[in-house]
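Protein chains get the first letters and strands the later ones, always in sequence-line order, with residue 1 at the start of each.
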Number of protein chains: 2
Amino acid sequence: MSSPTHSKKETPINPFVRVREDHATELAEDYLELIEDLIEQSGEARAVDIAAAMGVRQVTVTKAIGRLKRDGLVTAAPYRSIFLTDQGKQIAKRARARHHTVLGFLVALGVDPEVAEIDAEGIEHHLSPPTFIAMQKFIEQQPAVA
Amino acid sequence: MSSPTHSKKETPINPFVRVREDHATELAEDYLELIEDLIEQSGEARAVDIAAAMGVRQVTVTKAIGRLKRDGLVTAAPYRSIFLTDQGKQIAKRARARHHTVLGFLVALGVDPEVAEIDAEGIEHHLSPPTFIAMQKFIEQQPAVA
DNA sequence: TCCAATTTGTAGCCTAGGCAAACTTTGATG
DNA sequence: CATCAAAGTTTGCCTAGGCTACAAATTGGA
């Protein structure tokens, strides 16, 4: 059962390597999703609100925004609020869809929504497409939760 | 500002804070579980094998082992192989049980075992007890997967 | 026994992501 | 329009967790 060399982009064979790669993008996704939420809810994304939501100090947000800017995911002028670039919006949208699915899945599994919300945040960045699809199928097949 | 900080700490921690805390212990758990595996499989845990399994350089293993030593989870003399302390064994045992359950759950969900193995590594560190129990129940209720 | 390959350790460097303290900018209010 | 609190930034520090390059110890084979 050696590999039939299906020319797909190589997914890391090593699970630990995969996890390390996931971690590298995970915080960025959380920030982007949060920024989009704040803009929708309150019209703008301010560092003070991001810090409160993330449970970190403002200075930590400043540094994180700097990285997001460097990577072309947000735009931000000093002392002004933060905006997503198109690329940032795309990532935020995918992150939100994934979060929504994982949350729905956990609830369908019977997990309390509050607990599901917390756990979803942890696991949503570590799902390969097949697992994601399996969760979606499970939600669809689920009879009304009694 | 009027509220004098109702100082709760146990439950409703911010999901992002929870994830940060999980990340702090996650690598240690992976190392401990791996070390135990290596000891069982080959009689001893050597840095070179740990490095290969984790997908990192040996120097990275040396540093990680140093942290585990500092935290009382392993013992290791220079140029000798690595052993788990009782506390380390306990953590490894719990980690392995969790891994096994998550893997079984994903497979029961219909995910291909190879994919499940990779995804399990990512998500097993982010499950609260209720979610864990829900997964166990799901496995039990599952009819034999044909 | 001795030597060379393997393995482990050390030194030094890097980025991410945290923090506190001090400073600057903004904007609301008299 | 002066002031001042809130918000944001800068500086400097820390740990975790990666890396390369090199040094030292161990071990197996001739």
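- Taking atom CD on A:Glu21 and atom C1' on C:dA16, their separation rounds to 16 Å, with Å as the unit.
- Applying the salt bridge (charged side-chain N to carboxylate O under 4.0 Å, His left out) test to residues at least two apart or on different chains, none of the pairs has a partner in residues 71-88 of chain B.
- Between A:Thr62 and D:dT9 there is a side-chain polar atom (N or O) within less than 4.0 angstrom of OP1 or OP2.
- Judged as a salt bridge (charged side-chain N to carboxylate O under 4.0 Å, His left out), not a single pair has a partner in residues 48-68 of chain B (not counting sequence neighbours).
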**Report entry** Where protein sits on nucleotides 17-25 of chain C, one letter per nucleotide: B base, S sugar-phosphate only, - none, heavy atoms under 4.0 Å
**Finding:** BBBB---BS
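- Listed by chain and number, the hydrophobic cluster partners of B:Val61 are A:Phe16, B:Leu27, B:Tyr31, B:Leu32, B:Leu34, B:Ile35, B:Leu38, B:Ile39, B:Ile50, B:Met54, B:Val56, B:Ile65, B:Leu68, B:Leu73, B:Val74, B:Ile82, B:Leu84, B:Ile91, where partners are ILVMFWY side chains within reach of under 4.5 Å, directly or through others.
- The salt bridge (Lys or Arg N to Asp or Glu O under 4.0 Å) search around B:Glu26 returns none, not counting sequence neighbours.
- Counting only residues at least two apart or in different chains, salt bridge (charged side-chain N to carboxylate O under 4.0 Å, His left out) contacts with residues 93-112 of chain A comprise A:Glu29-A:Arg98, A:Glu36-A:Arg96, A:Asp37-A:Arg96, A:Glu40-A:Arg96.
- Proximity of the aromatic rings of A:His99 and A:His125 is defined here by a centroid distance below 6.0 angstrom, and this criterion is not met.
- Nucleotide C:dT7 holds its P atom 11 Å from the CD atom of B:Glu44, rounded to whole Å.
- The nearest whole Å value for the distance from the CG atom in B:Asp30 to the P atom in D:dG17 is 11 Å.
- Distance CD (B:Glu29) to P (D:dG17): 12 Å, rounded to an integer number of Å.
- Considering only side-chain N and O atoms, A:Arg80 lies under 4.0 angstrom from the phosphate OP1 or OP2 of C:dG27.
- When the nearest nucleotides of DNA chain C are assigned to B:Ala45 and A:Asp71 by heavy-atom distance, the more 5′-ward of the two goes with B:Ala45.
- Computed from coordinates, the A:Ile50 CD1 to D:dT9 P distance equals 10 Å when rounded to whole Å.
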